[in-house]
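Just the heavy atoms: all of them, side chains too, but no hydrogens, waters or symmetry mates, feed the values below. Every chain is numbered from 1, with letters handed out A, B, ... down the list of sequences.
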2 protein chains.
Amino acid sequence: MQEFNINICLIEDDETIREGYEYLINNTEGYKVTGSFPSYEDAAKKIARCEPDVILLDVELPGVSGIDAIPKLKKLVPEAHVIILTVYEQELQIFRALGNGAAGYMTKDTPHERILTSIKEVMSGGGPMSSQIARMVIQSFQRNEESPLTPRETEILEQISTGKSRKRIAEELFIDLETVKSHIKNIYSKLNVHSKADAIKLAKDNKFI
Amino acid sequence: MQEFNINICLIEDDETIREGYEYLINNTEGYKVTGSFPSYEDAAKKIARCEPDVILLDVELPGVSGIDAIPKLKKLVPEAHVIILTVYEQELQIFRALGNGAAGYMTKDTPHERILTSIKEVMSGGGPMSSQIARMVIQSFQRNEESPLTPRETEILEQISTGKSRKRIAEELFIDLETVKSHIKNIYSKLNVHSKADAIKLAKDNKFI
DNA sequence: CACATATCCCCCAAAACAGGTTATTTATAC
DNA sequence: GTATAAATAACCTGTTTTGGGGGATATGTG
């Protein structure tokens, strides 16, 4: 009946939680736990032989943290999709995990049913995230409405942040070099900075660009 | 029985699709369509009086595109959460929509049931996304493993991309200006470029930084 | 040992940058 | 209709940065 068979490995130091997931997964048709480890160090030795399709990875691990374990695991089993499981919803942690190659990010209060669909989702090219995590990720793309910069000033500061020279910016926007310089002077004055590095940093921190 | 009552507005030029969603939503307890428009221009006049909690917005609209309509709608009804509904999954479009303030992004092949849960999700601070969209968003955070740059070179190129001068980078990394220059020469040579703007662009396009 | 990586040193000329001041045009606001 | 904000352009002064050329030295790892 069941068309698929997904191998899953768990890395989680809390034995109770680990056994809970293990029980859940092994009792669902099509899913099988082929490895279960309390730390990255333990997993490293044997995980390749478990041939996991999906790795459920805790962030708060003894020794190597879950975040730092992601790239190492990807080297050991490149085909595996890593889904982070954590109690925390810290922005920095989320972005570091995703940057390190996590394919999904779920909080531990997620219903068991959702964990199983998350596994199926990564297998079919999706990126499962808890709803609050998704909101944080989306927010990281959004601009600050309260920017003191005009649209043109914002545009020019964006160009500067790509490393382009004023001359090149002028050419690409079909305006005079002097005009670009004027805009930059106004930008610096509004942001109260005296260099492009400071302008870029302040603007990025405040999501003006 | 029902504890909530969510006002929804639709902006969608295809009448059949629009009426389909309208029927679906109005026949679900707790959800009500208070406005339904074929274009942004039509919506702009009346939408404030509809007091929407959620706006379902098509991207392919006649006149003002859905993407450009987002900030305008947010000005008209700041409390409303905008969910994009589209047939396309174009990366650039997704990021522009999210950057413009969309709280969710769903493809039109989404089951009707999922549309309703998406509406509930945005109302409780979530960020609903189709699974493929979520993967693309997650991928935008990830680095290229095949970078030709060494860790130190990557670090320095990252610093350059923030607009810092070589002198400042040297100070912050506690190395000599000449060392920074050497690294930059190597970076340019590896990437086959002759300016920081080109190096930054190439590195970002290829996700080396 | 060779190789990669990271570090430091010298030189040069062209380009880019920061800041000061003023002015015109256009559009929106009151 | 007259302020006001935004975008445009010009002229001036310096200082700093940049990109490219040539090297050299240490420190690891396979």
So, R96(A) and D68(A), do they make that salt bridge, N to O below 4.0 Å?
yes
Between the CD atom in E60(A) and the OG1 atom in T86(A), the distance rounded to the nearest 0.5 Å is 3.5 Å
Provide a list of protein-nucleic acid N or O atom pairs under 3.5 angstrom, restricted to nucleotides 3-6 of chain C.
| residue | atom | partner | partner atom | Å |
| --- | --- | --- | --- | --- |
| dA6(C) | OP1 | R152(B) | N | 3.3 |
| dA6(C) | OP2 | T150(B) | OG1 | 2.3 |

Is a donor from one side chain sitting under 3.5 angstrom from an acceptor on the other, for S195(B) and D198(B)? yes
- Query: So, D14(B) and R18(B), do they make that salt bridge, N to O below 4.0 Å?
  - Reply: no
CD (E153(A)) and CD1 (I209(A)) are apart, to the nearest 0.5 Å, by 13.0 Å
Practice problem: Flag the pair Y105(A) / V137(A) as yes when at least one side-chain heavy-atom distance between them is below 4.5 Å, and no otherwise. | Solution: no
Rounded to whole Å, NZ of K185(B) lies from C1' of dT7(C) at a distance of 13 Å
### Task
Output yes when R168(B) and E171(B) qualify as a salt bridge under the 4.0 Å nitrogen-oxygen rule, no when they do not.
no
message: Taking K74(A) first and then E145(B), would you say they form a salt bridge - that is, a charged N and a carboxylate O separated by under 4.0 Å?
response: no
D176(B) CG to dT7(C) P, in whole Å, measures 11 Å
Worksheet item: Under 3.5 Å, is there a donor-acceptor pair between the side chain of T34(A) and the main chain of N7(A)?
Response: no
Its 5'-most and 3'-most nucleotides having an atom under 4.0 Å from a non-hydrogen atom of chain A, DNA chain D is contacted over dA6(D) to dC12(D)
Between E121(B) and R114(B), is the closest basic N to carboxylate O distance under 4.0 Å? yes
What does the list of N/O pairs under 3.5 Å between the protein and nucleotides 11-17 of chain C look like, with a distance for each?
| residue | atom | partner | partner atom | Å |
| --- | --- | --- | --- | --- |
| dC11(C) | N4 | K181(B) | NZ | 3.2 |
| dA16(C) | OP1 | S165(A) | OG | 3.4 |
| dC17(C) | OP1 | K196(A) | NZ | 3.2 |
| dC17(C) | OP2 | R166(A) | N | 3.1 |

